[in-house]
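So the structure is just underneath, and the comments pick up after that.
Side-chain atoms are counted along with the backbone in the values below, which use heavy atoms only and exclude waters and symmetry mates.
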Protein chains: 2
Amino acid sequence: MAALDRSLISRLPLFQGLTPDEQSEILRDARSSRYAKETAIFEQEAEAHSFFVLIAGHIRVVRTTPDGQQVIARYISEGEIFGVAAALGRTTYPASAIAAVDCVVLAWPNALWPDLAGCFPVFGAATYRTVGTRLQETQTRVVEMSTEQVEQRVAHALLRLANQTGRKTDSGIEIDFPISRQDIAEMTGTTLHTVSRLLSKWEDNGIIVSGRQKVTVKDAHRLVVRAENRDKR
Amino acid sequence: MAALDRSLISRLPLFQGLTPDEQSEILRDARSSRYAKETAIFEQEAEAHSFFVLIAGHIRVVRTTPDGQQVIARYISEGEIFGVAAALGRTTYPASAIAAVDCVVLAWPNALWPDLAGCFPVFGAATYRTVGTRLQETQTRVVEMSTEQVEQRVAHALLRLANQTGRKTDSGIEIDFPISRQDIAEMTGTTLHTVSRLLSKWEDNGIIVSGRQKVTVKDAHRLVVRAENRDKR
DNA sequence: TCCTGAGTTTGCGCCAGCGCAAATTGTTCC
DNA sequence: GGAACAATTTGCGCTGGCGCAAACTCAGGA
């Protein structure tokens with residue numbers, strides 16, 4: 001197996017604060033893999049063996065209920081760490097990770113976590129900062145689900161996607177991976193029918209353009225109005 | 001200021017795995033405070049200066065939306081660590097912590113976190129395990145809010161409270177701090193009216209007994225049936 | 001090119017649960 | 001003991017959004 005190149009990670013925020021040598025040392029223990037679109041990097045409830053960093057692509061983190069309903073916990077973008085069960089003392093993954101498009105992923109065996117976090121405290125701290133952010137985001141989502149109407153929640157979800165993974169095009173900000181009405185419904189606790197109706201309405205109003213597994217936000221400003229349920233003249 | 005006695009923490013899971021000497025050493029940096037019922041230990045958005053362990057009482061962690069609506073993120077029970085913004089690299093508290101009854105709390109300045117976690121890895125690991133559990137619980141709540149009806153969510157919330165903070169009495173499991181219909185509504189994303197109706201119905205069915213700021217679960221088994229929305233003969 | 005299947009749109013009817021309002025009950029503090 | 005307040009209960013009407021069903025549209029493969 002050829003050694004992995006440091007350039008893979010040197011630009012990622014997670015590894016900032018490490019010297020080039022340290023970056024190379026961390027990489028020595030990593031294994032690189034490709035995952036085809038719609039395949040699983042790991043499955044909910046499975047024994048956690050590794051933690052991961054996404055090098056290229058987009059990943060959907062999904063929780064499935066006992067009766068088979070799915071809820072999308074979050075999307076992972078390039079450069080993010082995920083599957084960090086080890087760092088939090090869990091032995092199984094609480095959700096599944098599915099490649100939303102073809103992906104390249106680095107993996108480290110969980111057994112190395114104590115060493116890595118011990119030898120490179122900056123790396124450990126960055127990871128825990130990420131965990132903190134996610135906890136807070138998840139709580140924000142609970143608050144939204146508790147206090148907002150469906151239209152507001154869907155608007156918020158689109159704005160978040162546009163900010164985190166949006167790609168600027170001449171006609172607006174396009175979400176740069178395939179996302180269906182069903183996916184958006186599973187992010188916001190509603191049905192694909194309701195999402196479809198909302199998107200149709202917004203398209204009529206010129207706020208978005210959308211197609212099959214594709215959404216482009218044309219007027220983020222007016223989408224914010226929907227998200228905050230303000231006066232919609 | 002008198003030194004704090006090691007017996008305060010020696011029985012807590014969080015400090016298991018530390019020698020008596022280490023426990024005393026950690027305690028040397030702690031400050032003990034009392035908080036009267038309904039007073040704040042810290043406020044949402046405030047600069048995070050300390051992290052805490054609850055020695056006695058019950059604490060409500062609350063998030064308030066810009067327009068003043070409140071959502072209860074969780075309850076903290078005796079022995080739990082909370083306000084761990086420092087460990088997650090945040091500089092402000094993402095929610096307020098309110099004493100649900102008179103409380104005794106230990107506080108450590110945030111500045112000590114790196115030292116403590118470094119010198120006592122067992123303690124750091126236990127904390128991150130707690131964070132992991134909370135992240136998972138919060139995600140479970142998102143799933144519940146997305147997929148369950150109000151009756152199921154309220155039943156789940158009561159069962160969780162009964163398990164975590166229930167006190168066995170001759171008539172059932174009593175939640176051992178004052179909790180209003182409004183509180184339960186803020187935990188489950190509904191209104192106090194709906195909660196009141198549900199509790200009335202369950203009381204008619206002999207599943208619970210409830211009074212002003214008080215709920216006693218008499219038949220947890222039948223409450224599980226409500227939580228899972230199974231056949232309610 | 002046509003076929004097939006997945007993704008999407010839209011109409012229609014219904015109902016869980018909210019909002020409002022008023023009555024009632026229990027607690028606390030003079 | 002009683003006044004004042006906080007918490008709870010309950011009735012009533014309405015509606016946001018779901019469930020079902022059917023039609024439609026697009027992309028990719030044979």
In whole angstroms, how far is the [atom2] atom of [N] from the [atom1] atom of [X]?
X      : N      : atom1 : atom2 : answer
A:D183 : C:dG7  : CG    : P     : 9 Å
B:E148 : C:dA16 : CD    : P     : 17 Å
B:L198 : C:dG17 : CG    : P     : 8 Å
A:R153 : D:dC18 : CZ    : C1'   : 12 Å
B:D204 : D:dT9  : CG    : C1'   : 12 Å
B:L192 : C:dA22 : CG    : P     : 17 Å
A:W202 : C:dT10 : CH2   : C1'   : 18 Å
B:I179 : D:dA7  : CD1   : P     : 13 Å

Within the structure, does a side-chain N or O atom of [X] lie under 4.0 Å from either OP1 or OP2 of [N]?
X      : N      : answer
B:S200 : D:dT8  : no
A:R197 : D:dG17 : no
B:S196 : D:dT10 : no
A:R181 : C:dG7  : no

B:I81 side, atom CD1; B:L106 side, atom CG - distance, nearest 0.5 Å: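 Spacing of CD1 (B:I81) from CG (B:L106) equals 10.5 Å.
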
A:Q70 side, atom CD; A:Q44 side, atom CD - distance, nearest 0.5 Å: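 Going from CD on A:Q70 over to CD on A:Q44, the span is 9.0 Å.
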
5' precedence on DNA chain C between A:L199 and A:R212 (nearest-nucleotide basis):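 Here A:R212 is the residue nearer the 5' end.
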
Between [options], which nucleotide has the shortest distance from any of its atoms to the side chain of [X]?
X      : options                : answer
A:T191 : C:dT8, D:dC18, C:dC20  : D:dC18
A:T194 : D:dC18, C:dT8, C:dG19  : D:dC18
B:Q149 : D:dG19, D:dG17, C:dA16 : C:dA16

Check: D:dT8 base within 3.5 Å donor-acceptor of B:H193 side chain: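 No such pair is found, so the answer is no.
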
Results of ring pair (Phe, Tyr, Trp, His ring centres under 6.0 Å) for B:F82 - residues two or more places apart only: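 Testing B:F82 for ring pair (Phe, Tyr, Trp, His ring centres under 6.0 Å), a comparison that skips the adjacent residues, returns B:F52.
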
Between A:S210 and A:E203, a side-chain donor and acceptor under 3.5 Å: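 Per modelled atom types, A:S210 and A:E203 side chains form a pair under 3.5 Å.
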
Touch class at under 4.0 angstrom, heavy-atom based, for A:E151 against every strand present: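 The residue A:E151 makes no contact with any strand.
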
Worked verdict on A:T191 versus A:T194 for side chain to side chain donor-acceptor pair (under 3.5 Å): CA-CA 5 Å; A:T191 62; A:T194 299; 3.2 Å; yes

